[in-house]
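Before any comments, here is the structure.
First the proteins, then the strands, lettered A, B, ... as listed; each starts at 1. Both backbone and side-chain heavy atoms feed into the values below; hydrogens, waters and symmetry mates do not.
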Number of protein chains: 2
Amino acid sequence: MVELPVVNQPVHRSGALLDHLARRMRLRAESVLAPLGLRPRHLVTLTVLRQQGGCSQQALSGTLEMDGTNVVGLLNDLERDGLIERRRSPEDRRRHVVVLTDKGARVLVKAECALAAVEDDVLGALDETQRETLYGLLQQAATGVPIVCTGDDADTEQC
Amino acid sequence: MVELPVVNQPVHRSGALLDHLARRMRLRAESVLAPLGLRPRHLVTLTVLRQQGGCSQQALSGTLEMDGTNVVGLLNDLERDGLIERRRSPEDRRRHVVVLTDKGARVLVKAECALAAVEDDVLGALDETQRETLYGLLQQAATGVPIVCTGDDADTEQC
DNA sequence: ACAAATAGCTTGCCCTACACAAACGATTAA
DNA sequence: TTAATCGTTTGTGTAGGGCAAGCTATTTGT
């Protein structure tokens, strides 16, 4: 009697794989990002800022799930390089609204382009479509939004 | 003149997202795994061992992309708990063949079950199908193999 | 047979990422 | 006015993890 491939859901937790791949990626990314004066976690910060627009500093510390103290340092780095700006919130002047500057957006894109080789290396087993699917899923998981197809793709001058 | 949404491939690098999600996952996983005497990186190790079977220690250090010295410590932990075994390789007795024990496999499954809540939390924005797709892509990216549909799903007694 | 070279283990050193706490200024809210 | 809140600075502590040296057991090349 042949066991039918009923696919008994052998648990399939993505956590460990996520961890593993993130490490491989990060190791390579470090050296690529270094010439740009960035580190992986700066890139994460910029990425979050791009996707969710301006936000209070502790909201950011919330999404990054990182201690507020360390977020300050992170933002200090980014602000010194002119990649982000801290603006006083008009309705509560205690708060800083953190926004990505134009330069920040440009540098982010540049960094992402520089990471092409890294991604080719780590995600080499996936074809272009699969990578795009992966990106979509990660994005959705990270933001809660099921991908947004912005028509205004002003990001024309890519790499 | 309206710009057509030609979808100019706005780069879409997964690195930062991977990093971000892995962190969120790891933070939660730590507390869930603690009662089992495990840490995230132990789980990664066990996962790798399960998927690629017995392998030399430095091969493992290669896949984990982790310094050999630290792999030793990692394996010491796992061996002390009887989750892995180091067997002398017959054809080269300098080498250790690291294998997952039965207990190791069981504990791994148990851990994965315990992580259900964590994954529900972090990947909450993805439905069941999407999560399975994600898992498949991560697995493929990590192993190079485009998923393997083992008919012998002996892993029946899941959670 | 003897001199490398190799796999693994141990120890020690160092650096970096982070969490946590305390104290402060500015601002807002009770 | 007093209390609470946002951000900042300055510690302090811990853990992850790279790197090097020195050791044993074993294999390989001459």
query = Looking at DNA chain C, which of residues 63-71 of chain A put a heavy atom within less than 4.0 Å of it?
reply = A:E65, A:M66, A:D67, A:T69, A:N70

key: Main-chain N/O of A:E112 paired to B:R13 side chain as donor or acceptor, under 3.5 Å   = yes

inquiry  = With a 3.5 Å distance limit and no angle check, can you tell me whether A:E30 reaches the backbone of A:P40 through a side-chain donor-acceptor pair?
reply    = no

message = One thing to verify: whether A:R86 and A:E79 come together as a salt bridge, which I'm taking to mean a side-chain N less than 4.0 angstrom from a carboxylate O.
response = yes

query = Rounded to whole angstrom units, what separation is found between the CG atom of B:L60 and the P atom of D:dG17?
reply = 13 Å

ask   = Between D:dG7 atom C1' and A:L74 atom CG, what is the distance in whole Å?
value = 15 Å

key: Proximity to the side chain of A:R23 - top-ranked nucleotide from C:dA19, C:dA7, D:dG18   = D:dG18

ask   = Donor-acceptor pair, A:H20 side chain versus B:T63 backbone, under 3.5 Å?
value = yes

task = Starting at CG of B:L134, measure out to CG of A:L138 and round the result to the nearest 0.5 Å.
result = 6.0 Å

key: Euclidean distance, atom CG of residue A:D77 to atom C1' of C:dC18 [Å, nearest integer]   = 14 Å

inquiry  = Under a 3.5 Å distance rule, please check whether B:D81 uses its side chain to pair with a backbone N or O of B:L83 as donor and acceptor.
reply    = no

note = Tracing side-chain contacts under 4.5 Å among Ile, Leu, Val, Met, Phe, Trp and Tyr outward from B:V99 reaches B:V97

Sidechain-backbone polar pair: B:S61 side chain, B:M66 backbone, donor-acceptor under 3.5 Å = yes

ask   = What string of B, S and - do you get for nucleotides 22-30 of chain D, 5' to 3', when a contact is any protein heavy atom under 4.0 Å?
value = ---BBS---

message = If you assign A:L75 and B:R39 each to the DNA chain D nucleotide with the nearest heavy atom, which residue ends up on the more 5' nucleotide?
response = A:L75

